[in-house]
Amino acid sequence: MLKNTFSLTDKGYSNVRKGILLTALHNISVMLPAVLLMLLASDMVQKYFGKSTKSIPLFPYWSMALLLLLFIYWVYRWTYKETYVAAYEESANARISLAEKIRKLPLSYFGNRDLSDLTSTLMDDTTTVEHTLATGLCELFGGIISSTVILLTLFCYDWRMSLSLFICLPISLSVLAISHKVSSSSNRKNRNAKLGVSECIQEYLENIKLVQTSPQKESYRMRVEQKIKKVVHTAMVYELIMGIFISSAYNILRVGLGLVVVTGSYLVTHGELDFIGFLLFLFVAARIYDPLTTVFFKIGEFFYSLVSASRIREIRDYPAQTGKQVIVLNSFDITFDHVSFAYNTDTVLHDVSFVAEQGQITALVGPSGCGKSTLSKLASRFWDVSDGRILIDGKNINEIDPETLLSYFSIVFQDVVLFNDTIYNNIKIGKLEATKEEIIAAAQMARCEDFILKLPHGYDTVIGENGKTLSGGERQRISIARAFLKNAPIVLLDEATASLDPENETLIQEAIGKLTRNKTVLIIAHRLRSIEDCDKIVVLNAGKIQEMGRHQELMESNGLYHHLFELQRESSVWGVGAMKQT
Ligand SMILES: Nc1ncnc2c1ncn2[C@@H]1O[C@H](COP(=O)(O)OP(=O)(O)OP(=O)(O)O)[C@@H](O)[C@H]1O
């Protein structure tokens, strides 16, 4: 059960089990001095109440005390190693495998969970579970085992005294069980409130420029403040509930100590228990509650970590995109065969069929929101189609591992993703084994050198988070350089030159012309002039193919393409002058 709940590896689970047993052993070992003390007390009673004239042999006591000390120390060290060290190793592995799993998740998953939610699972939930693995779990279950062993041993010695000692245990455990039921909804509320704050803060930071210049600034601040207050409130409710239940359970358990004194006094005065036995129970009673108290206080943490563990499990159990990892594609025609696709429940592509042939440039055009980007992303398996098939070299891409498939693609999207690293490394992502000469050649082809050489450290300049120190056009040129470097047989260009000035756009389009020679090219461009020479133009409207053909054919057929083209021609003469006239 623990293995599945906390998604433990075989090794991690075996370490946790070892840790639990060692903690139990440690708990029992710290009881042993009480037994030694009792034996010594027994000797002292014998001597000072006249039953024995022999002097007390202190050497064996000293030796046993020393041995016990060494034993306790050894068990403690071993426990520490097995619990803390193993727990941190396990949680480091868990973080890596979780990140690996996230990498393999289909993009549809990210549509349902936002980034701050995922970040919170990767950072906070793993930390919570790590803490529970390192301290809570072993102490909790070790405490339960050691208490049971001690209870059974004491029962064999004197069941009446043991009963007095433990009679309150079932009641306090029931209180704890109720606390779990009562607190779990407030625990979830607290989690959601925390997520709400991090989402809000992330959104605030991402849009800080917009927020600062907007009259909504104050209302935004109020929103963050309200969400923070909600976290405080839900945290207090959760702590209050847990506090009341745990302290009640703890105090109910402690009543057992009083019962031991009362029962013991009664039994001693009626001659049914010797004084030494009474002392033994008093010593044990004073110590037995330590592991149980730990159990009680750890149980709150344990319940709390169950929510984190279930959020981690949700990611782990989500089906990843799979497929053959070794596959050889010899030709690169992309066949869209009756493809339909829905984001969640909204179908955005309906029965789309066409072939993007190798050695040709196929353009996807159509009004905004008609599904052009979605279609190009389906070709690279960012999502899996809902219906129909996409084939490359006659093979269904659903059967190809996404990473293997992507190795055949060079992709340039309008929203460029750059890393907070040097320009050199950002281009190198296109081909990790690239030489310096290849990287520089790719940068030159993508017209990057114009601005790179002006930067203080040239190619070694660090460009900030997502390349924030560069202009939109410069960022786009870096992503084009990556595509040049990768030189893959299939090229997807989604508004690849949209942020470039006319001079650079013309030059880069020439370079793209060279890059795409003999390749399968799928291009999306809003400026229809730039795709006039394409071999095939697929015109989409509301997720369906409306027309298909070359520029001249489509213009002559006087349909949607013609209409869009004419609209753009009119808007190209539209300017400030036109604005003044209206
Ligand atoms: N991640 C998503 N989740 C849900 N719906 C989405 C998602 N991405 C796009 N859509 C919706 O799918 C439809 C097609 O979007 P898509 O981006 O493919 O259109 P497009 O033709 O490329 O648009 P544009 O020309 O404006 O870039 C739109 O209605 C859009 O709102």
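For ligands, and for the atoms within them, numbers begin at 1 and follow the listed sequence.
Considering backbone and side-chain atoms together, Trp383 places no N or O closer than 3.5 Å to any N or O of ligand 1. Of the N or O atoms in Val348, none lie within a sub-3.5 Å distance of an N or O in ligand 1.
Within the set Phe382, Phe341, Tyr343, the minimum heavy-atom distance to atom 12 (O) of ligand 1 is found for Tyr343. Nearest to atom 16 (P) of ligand 1 by heavy atom, out of Leu375, Leu378, Leu540, Thr374, is Thr374.
Looking at Glu495 against ligand 1, nothing comes within 4.0 Å, counting heavy atoms.
For the pair Leu406 and Ser380, the minimum side-chain heavy-atom distance is below 4.5 Å. Side-chain atoms of Tyr459 and Glu449, non-hydrogen and from C-beta on, do get closer than 4.5 Å to each other.
Relative to the ring axis of Phe413, Lys377 places its NZ or CZ within 45° and under 6.0 Å from the centre.
There is no side-chain donor-acceptor pair under 3.5 Å between Asp535 and Gln360.
Under the 4.0 Å criterion applied to side-chain N and carboxylate O atoms, Arg191 and Asp125 are assigned as salt-bridge partners.
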